[in-house]
Amino acid sequence: MRRTRILTAVLALAAGLLAGTPPALAADGTAKVSLAADTYTWKNARIDGGGFVPGIVFNRSEKNLAYARTDIGGAYRWQESSKTWTPLLDSVGWDDWGHTGVVSLASDSVDPNKVYAAVGTYTNSWDPKNGAVMRSSNRGASWQKADLPFKLGGNMPGRGMGERLAVDPNKNSVLYLGAPSGKGLWRSTDSGVSWSQVANFPNVGNYQQDPSDTSGYASDNQGIVWVTFDESTGTSGNATRAIYVGVADLQNSVYRSTDAGATWTRLAGQPTGYLAHKGVLDAAGGYLYLSYSDKGGPYDGGKGQVWRYATATGTWTNISPVAEADTYYGFSGLTLDRQKPGTVMATAYSSWWPDTQIFRSTDSGATWTRAWDYTSYPNRANRYTMDVSSSPWLTWGANPSPPEQTPKLGWMTESLEIDPFDSNRMMYGTGATLYGTENLTNWDSDGQFTIKPMVQGLEETAVNDLASPPSGAPLLSALGDVGGFRHTDLTKVPSMMFTSPNFTTTTSLDFAETNANTVVRVGNLDSGPHIAFSTDNGANWFAGTDPSGVSGGGTVAAASDGSRFVWSPDGTGVQYTTGFGSSWSASSGIPAGAIVESDRVDAKTFYGFKSGKFYVSTDGGATFTASAATGLPSGDSVRFKALPGVKGDVWLAGGATDGAYGLWHSTDGGASWTKLSNVDQADAIGFGKAATGASYQTLYTSAKIGGVRGIFRSTDKGATWTRINDDAHQWGWTGAAITGDPRVYGRVYVSTNGRGVIYGDTSDAGGGGGTDPTDPIPTGVCAVTYKITNQWSGGFQADVQLSNTGSNAWTGWSLGWAFPNAQTISQTWNAESAQSGSTVTAKNVGWNANVAAGSSVSFGFTGNWSGTNGKPTAFKLGDQNCTVA
């Protein structure tokens with residue numbers, strides 16, 4: 001994640017989507033819907049990470065038990081056997097969407113089966129509900145909830161400080177929670193079932209990032225920010241007597257109780273002018289370590305210090321790794337090696353340029369070493385190596401000048417934890433991923449340790465748009481913070497996000513329905529173009545030219561044949577162009593800010609929607625005419641799509657509870673609309689492959705039907721609906737986008753606001769789709785065309801066409817060849833590839849396994865070469881030699 005965090009869905013939600021009024025019924029008083037979930041398997045299209053990880057918590061009594069929290073994407077538990085993370089809050093539903101933001105986590109060291117999460121995303125009006133403390137007695141497999149009388153801010157300023165929630169390590173029925181917004185310190189004495197304010201705690205905090213912010217976001221009082229127990233001051237079954245509390249107050253940041261919370265005092269002699277981001281206690285050594293910053297983070301911070309407090313004598317010692325005058329950052333991430341007393345580590349969390357810094361001391365802070373040092377500026381010497389081969393996009397496709405490097409060591413590094421049972425394992429969170437090492441102690445012998453992403457299973461992207469073309473890659477995504485990806489294989493991390501240009505956030509994308517190689521995307525960028533085009537199905541991109549006044553991406557639509565585009569950007573009115581956007585003309589008859597889409601058959605027909613009005617253009621976007629239709633939603637919380645293959649067939653979802661809200665269908669290009677009486681509310685609509693015997697494509701919607709919120713499917717044009725998710729798979733807010741797969745019946749792609757792209761597959765074999773991965777590899781007659789389409793110094797791109805020249809259809813294929821000059825493949829699309837030496841095997845992906853007799857399938861790759869780049873001369877399909885064209 002970069003410097004700004006996209007707040008997907010905030011405007012729509014604030015407009016009233018979740019205001020909770022009684023649902024509408026169908027005309028006959030019933031809803032035609034099956035609420036029994038179809039048998040679906042749900043997974044993430046793998047990206048691995050993609051957002052800020054502000055907290056990592058290891059259990060102190062059980063080895064390999066660890067948790068991670070995210071700011072908008074829920075909480076996760078570490079699975080040691082697979083080295084992956086398991087999501088724990090997918091059961092959070094639509095009405096409680098804010099509970100996917102986790103401001104703090106606590107793992108019970110007395111009973112490791114117990115875990116607690118303090119949840120709530122915003123403390124201002126953006127989140128309509130109060131916060132809660134979730135409690136689990138089975139490590140997060142299921143939860144019970146205690147609602148709080150105030151809001152919590154998992155995605156608010158200061159969210160990297162902590163942990164705000166803590167379990168008494170001696171009497172685990174006692175918990176403390178630090179609240180924001182001036183709500184003070186709270187305590188539970190019944191294992192999180194009920195909570196009450198600690199009335200005599202003397203300071204509720206006063207620090208605001210920006211007191212002038214009228215939205216309440218940056219002006220919120222960041223409150224009580226961490227709670228730490230000194231376990232040595234209690235005995236099993238008796239409350240711990242010494243408790244330390246961090247407060248967001250630049251002059252009074254640390255308080256202590258020595259009588260189990262009965263009374264509290266400000267620690268005398270403490271540093272002032274700083275916020276204590278973390279307070280970590282070494283009971284064996286008798287020290288409380290504190291990392292300080294002049295700001296609350298996670299983005300800001302210009303000065304910092306690190307201090308050590310002797311709990312027995314009250315002595316304060318400044319142990320900062322560098323002099324205050326030499327800092328341009330604050331300190332936050334702070335951890336101890338529980339196996340090696342005196343070993344301390346801290347992070348310069350707000351060092352954006354040239355990189356973050358990590359400091360390590362093995363003598364309780366008397367001396368420090370750094371993860372990297374300058375040799376002769378701008379050159380660096382690193383104590384570490386980075387291996388991002390499992391998440392190669394973490395290089396961002398960058399080629400920076402020293403002292404910057406790619407991939408970066410990190411940024412926003414507010415969470416840093418050494419495994420309490422393993423001195424060699426450390427994990428730390430960044431704004432984009434979770435990194436770790438398993439040979440950390442090499443640091444102390446002047447050797448190098450290896451940092452890798454330890455993030456598989458943790459998916460944290462916010463999804464703005466989705467597309468599944470009829471050919472090429474099965475999934476294209478528009479994402480906040482990391483731009484978006486082209487997935488040729490849903491089970492593998494793509495090698496790179498969309499680049500050239502690399503938008504900070506992609507707001508909309510589209511492809512040409514009858515020429516899926518043509519793709520367009522629009523998005524936000526601090527400086528540079530806001531639109532990009534691809535002619536190879538999103539594998540490579542080139543920037544378009546912005547019309548005057550563009551300030552953000554908005555929405556974009558491609559003509560069905562790719563001959564023209566209509567763009568509704570932020571900052572100016574709707575525009576249209578022929579070709580690839582070298583020049584634009586203003587569309588007439590349609591207001592600025594309208595949502596735009598294209599007809600999927602007629603290349604000159606485009607549609608728009610704004611403030612209750614539907615607009616139609618039949619001249620390629622030059623002029624629009626408002627439809628006379630009435631009764632559509634009056635606001636702009638609307639998403640609509642035209643059906644592939646049928647001109648003028650349009651579906652529209654959206655609205656708000658204080659007006660029209662539901663799902664509408666038009667068969668005459670928006671001239672008239674029919675509202676489906678069996679849909680209470682709907683927020684996104686998509687299409688997928690038709691069921692066997694069905695004459696109409698399958699519909700998918702994120703909706704409320706029969707009084708129940710969920711993901712629904714209809715195979716009969718909306719006459720009946722089946723809920724295909726269940727209460728364990730809800731993912732909070734799913735209203736931004738949804739689409740089926742045109743090649744695999746039953747497959748649906750669902751957007752989330754912080755849990756990435758979810759896709760589901762049905763077990764309904766009668767639907768007419770999918771390929772069994774165990775189907776035999778064909779051994780029929782085949783022909784191959786191998787073409788080098790681009791070549792540059794050290795690299796090349798090639799396309800391969802494999803034709804079925806036999807008489808039988810293939811239900812899966814595997815093509816092998818050997819490179820003649822030691823070439824190596826770096827990236828493949830529309831196939832899975834593996835290489836051993838010069839030998840390459842390329843196999844089908846799920847959607848292109850079936851190849852009819854007389855048909856062909858194509859895939860491509862980029863590779864590396866040196867000296868000579870000769871073409872392979874022989875190809876085998878299974879054990880059959882193919883004809884080489």
Side-chain angles (χ1 to χ4, degrees), residues 1-8 47 50-51 299 352-355 392-402 404-408 411-412 431-432 461-465 467 476-486 494-511 518-558 562 564-586 592-593 596 792:
M1 187 184 65
R2 302 188 175 196
R3 295 176 186 247
T4 56
R5 183 68 165 148
I6 192 72
L7 306 180
T8 304
I47 294 168
Y299 308 116
W352 289 88
W353 189 94
D355 210 339
W393 60 266
L394 286 167
T395 65
W396 299 84
N399 186 26
S401 299
E404 283 192 285
Q405 298 179 351
T406 188
K408 282 196 169 188
W411 62 94
M412 295 165 61
T461 49
V463 184
N464 295 325
D465 202 1
L476 306 172
S477 57
L479 306 176
D481 299 327
V482 293
F485 291 88
R486 178 180 188 262
S495 62
M496 192 55 57
M497 69 277 285
F498 299 142
T499 59
S500 302
N502 189 329
F503 298 143
T504 54
T505 287
T506 301
T507 57
S508 175
L509 57 80
D510 195 15
F511 61 89
T518 299
V519 189
V520 61
R521 60 184 167 95
V522 293
N524 302 332
L525 193 59
D526 292 339
S527 61
H530 294 80
I531 189 165
F533 301 92
S534 172
T535 57
D536 57 6
N537 192 241
N540 298 280
W541 295 86
F542 57 92
T545 301
D546 285 5
S548 178
V550 172
S551 60
T555 58
V556 70
R564 62 191 69 229
F565 303 88
V566 172
W567 183 17
S568 178
D570 296 338
T572 189
V574 177
Q575 308 280 322
Y576 72 98
T577 187
T578 55
F580 292 108
S582 57
S583 64
W584 295 86
S585 301
V596 294
W792 57 95

Would you give the length of the straight line joining atom OG of Ser534 to atom CZ of Phe511, rounded to the nearest 0.5 angstrom? 13.0 Å

Could you state the interatomic distance from CZ (Arg486) to CG (Leu509), rounded to the nearest 0.5 Å? 12.5 Å

Criterion side-chain contact (heavy atoms from CB on, under 4.5 Å) on Val574 and Val566, from CA distance to verdict: CA-CA 7 Å; Val574 177; Val566 172; 3.7 Å; yes

Do Leu479 and Phe485 come close enough that some side-chain heavy atom pair is under 4.5 Å? yes

Inter-residue atom distance Thr461.OG1 - Asp481.CG, 0.5 Å rounding: 9.5 Å

So Leu476 and Val519, do their side chains get closer than 4.5 Å, heavy atoms only? yes

Side chain to side chain contact (heavy atoms under 4.5 Å, CB included), paired with Trp396, selected from Met497, Met496, Lys408: Met497

For Pro529 and Pro501 the tightest heavy-atom approach is CG-CG, 4.1 Å

Can you find a pair of side-chain heavy atoms, one from Thr535 and one from Phe580, that are under 4.5 Å apart? yes

Of all the heavy-atom pairs spanning His530 and Leu525, show the shortest one and how long it is. NE2-O, 3.6 Å

Are Gln575 and Phe565 side-chain neighbours, meaning at least one heavy-atom pair lies under 4.5 Å? no

Kindly indicate whether the side chain of Asn524, heavy atoms from C-beta on, has any atom under 4.5 Å from the side chain of Thr507. yes

Any idea which heavy atoms bring Pro569 and Gly573 closest together, and the distance? CD-O, 3.6 Å

Between CG of Leu394 and OG1 of Thr406, what distance do you get to the nearest 0.5 Å? 8.5 Å

Restricting to non-hydrogen atoms, name the atom on Pro392 and the atom on Pro494 that form the minimum distance, rounded to 0.1 Å. CG-O, 3.9 Å

Residue pair Arg521, Val556: steps toward the side-chain contact (heavy atoms from CB on, under 4.5 Å) verdict: CA-CA 7 Å; Arg521 60 184 167 95; Val556 70; 5.9 Å; no

Is the side chain of Thr555 donor-acceptor paired with the backbone N or O of Val596 at a distance under 3.5 Å, no angle test? yes

Test item: Asp546 and Ile531 side chains (from C-beta on) under 4.5 Å apart, heavy atoms: yes

With a 4.5 Å cut-off on side-chain heavy atoms, are Trp411 and Asp355 touching? no

Give a yes/no verdict on a cation-pi contact between Arg564 and Tyr576, requiring under 6.0 Å between NZ or CZ and the six-membered ring centre and an angle within 45° of the axis. no

Are the ring centres of Trp541 and Phe533 closer than 6.0 Å? no

Side chains of Asn464 and Thr506 in contact at under 4.5 Å (non-hydrogen atoms): no

Between Gly554 and Val522 the two heavy atoms that sit nearest each other are O-CG2, 3.6 Å

What distance do Trp393 atom CH2 and Asn502 atom CG have between them, rounded to the nearest 0.5 Å? 10.5 Å

Just how far is it from atom CE of Met412 to atom OH of Tyr299, taken to the nearest 0.5 Å? 4.5 Å

Looking at every heavy atom in both Trp567 and Gly552, which two are closest together, and how far apart are they? CZ2-O, 4.4 Å

